[in-house]
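Everything on this sheet refers to the single structure shown next.
Model, not experiment: these values are computed from the prediction. All chains are named by letter (A, B, ...) in the order of the sequence lines, taking the proteins before the strands, and each is independently numbered beginning at 1.
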Number of protein chains: 2
Amino acid sequence: MLIAADEMLISRGVRLTPQRLVIAEYLLNTDCHPTAEQVFDAVANALPVQLSKATVYNTLNMLVEAGVIQEVYTEPGGCARYDANTMRHHHFVDTSTGRIYDIPFEQVPTLEKSLDGKYKVKNYTVTFYGDRAEDS
Amino acid sequence: MLIAADEMLISRGVRLTPQRLVIAEYLLNTDCHPTAEQVFDAVANALPVQLSKATVYNTLNMLVEAGVIQEVYTEPGGCARYDANTMRHHHFVDTSTGRIYDIPFEQVPTLEKSLDGKYKVKNYTVTFYGDRAEDS
DNA sequence: GACTGCTTTAGACTAACTCTAAATTTATCC
DNA sequence: GGATAAATTTAGAGTTAGTCTAAAGCAGTC
Ligand SMILES: [Mn+2]
Ligand SMILES: [Mn+2]
Ligand SMILES: [Zn+2]
Ligand SMILES: [Zn+2]
């Protein structure tokens with residue numbers, strides 16, 4: 001069953017528009033970490049009007065601000081990807097397929113405390129690269 | 001004392017040109033992880049000729065290929081930074097100054113083994129964000 | 001129905017590169 | 001040293017992933 005985007009947006013104080021609804025609905029129901037371009041392609045023809053790229057970017061930035069999604073960068077020098085998994089988690093990039101998998105935060109030892117007192121760590125990112133077996 | 005860029009380049013089979021020499025010399029003697037723009041600004045007037053941005057980018061890519069430097073991305077969506085520290089290491093970004101510090105690899109617990117058998121980890125990156133005290 | 005304040009749109013603009021084609025430099029051979 | 005060939009550099013055009021702008025569309029309020 002689909003996660004209800006309308007309730008999610010309303011609960012975060014975001015005004016509903018058809019554009020916002022389809023974009024949020026798409027993101028809330030995929031785990032494929034799409035780019036802005038991929039979001040545009042996926043939702044454009046679910047709308048009766050011509051969708052603008054500016055609206056896609058504006059909406060994605062809005063959803064990030066509202067805490068509905070996260071912006072993630074997994075490829076050095078690559079473009080932003082969008083992720084409705086807002087739990088703190090890590091990423092694994094399958095370097096042969098390009099697919100991105102979520103790695104639960106608890107599955108990896110915590111690193112905050114590994115730096116000495118000189119560094120006050122507020123946040124950190126871990127991205128793994130390699131091959132994932134059983135790629136179904 | 002300065003690290004000798006000419007020997008380093010020759011030993012890697014890179015042809016010497018004045019442009020390559022000043023760029024490599026600059027990078028081998030700083031730990032500030034400069035952007036291409038900053039490299040350009042730092043070396044441009046050490047040369048008797050007009051330096052082209054294309055040469056800076058070409059040379060940086062060359063030095064990466066030759067293993068003399070590393071390209072690192074520490075800010076989400078930000079541009080490439082160049083790093084003559086080619087040891088495997090982590091980065092700490094001071095979010096108030098933007099300065100980037102090297103964190104020795106051994107100072108942080110190894111993460112290769114933390115993922116289950118489904119994932120064959122070939123590489124991973126860890127970037128810390130926060131404040132560094134004693135910022136001299 | 002007018003006023004107000006979002007929201008959306010097309011397209012101009014930007015930053016960080018990459019590519020191209022011509023000019024310059026460097027290396028090789030005599 | 002001079003001819004030739006190959007590599008390098010250069011200015012500027014092109015590209016990609018965005019952001020910004022200004023006008024048009026819509027929604028909620030009086
Ligand atoms: Mn952004
Ligand atoms: Mn590159
Ligand atoms: Zn994710
Ligand atoms: Zn470094």
(request) Determine, for nucleotides 8-13 of chain C in 5'-to-3' order, which nucleotides have protein heavy atoms under 4.0 Å from the base (write B), from only the sugar-phosphate (write S), or from neither (write -). (result) SBBB--
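As judged by a 4.0 angstrom heavy-atom cut-off over every strand, B/Ala36 is placed among residues making no nucleic acid contact.
Each end of the helix from C/dG1-D/dC30 to C/dC30-D/dG1 yields a helix axis from five base pairs, and these two axes differ in direction by 10° (to the nearest 10 degrees).
Atom CZ of A/Arg81 and atom P of D/dG18 are 11 Å apart (whole Å). Distance B/Ile23 CD1 to D/dT8 P: 13 Å, rounded to the nearest Å. Counting to the nearest Å, the P atom of C/dC17 and the CD atom of B/Gln38 are 12 Å from each other. Between the OH atom of B/Tyr57 and the P atom of D/dT15 there is a distance of 18 Å, given to the nearest Å. Between the C1' atom of C/dT7 and the CG atom of A/Leu21 lies a distance of 14 Å, rounded to the nearest Å. Between A/Leu63 atom CG and C/dT7 atom P the separation is 12 Å, expressed in whole Å. The distance from atom CD of B/Glu75 to atom P of D/dA17 is 20 Å, rounded to the nearest whole Å. Look at CD on B/Glu71: it is 14 Å from P on C/dA16, rounded to the nearest Å.
At least one side-chain nitrogen or oxygen of A/Arg15 sits closer than 4.0 Å to the OP1 or OP2 atom of C/dT7. A close approach under 4.0 Å does not occur between any side-chain nitrogen or oxygen of B/Asn61 and OP1 or OP2 of C/dC17.
Between A/Phe128 and A/His90, the two ring planes are perpendicular [angle over 60°; tilted spans 30° to 60°].
Nearest-nucleotide positions on DNA chain C place A/Met62 closer to the 5' end than the other of B/Thr35 and A/Met62.
No donor-acceptor pair closer than 3.5 Å links the side chain of B/Glu7 to the backbone N or O of B/Ala4. Side-chain atoms of B/Thr110 do not come within 3.5 Å of backbone N or O of B/Glu112 as any donor-acceptor pair.
Tracing side-chain contacts under 4.5 Å through hydrophobic residues (I, L, V, M, F, W, Y), one never reaches A/Tyr129 starting from B/Val126; they form parts of separate clusters.
With sequence neighbours excluded, no residue forms a salt bridge (Lys or Arg N to Asp or Glu O under 4.0 Å) with B/Lys118.
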(request) For A/His91 and A/Tyr101, run ring-ring contact (aromatic ring centres under 6.0 Å, His included): C-alpha distance rounded to whole Å, both residues' side-chain angles, the deciding distance at 0.1 Å, then the answer. (result) CA-CA 6 Å; A/His91 288 107; A/Tyr101 299 92; over 10 Å; no
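Between the side chains of A/Asp83 and A/His89, a donor-acceptor pair is found at a separation under 3.5 Å.
Checked against the 6.0 Å centroid criterion, the rings of B/Tyr82 and B/His33 do not qualify as a close aromatic pair.
In this structure, OG1 on A/Thr55 lies 7.0 Å from CD1 on A/Ile23, to the nearest 0.5 angstrom.
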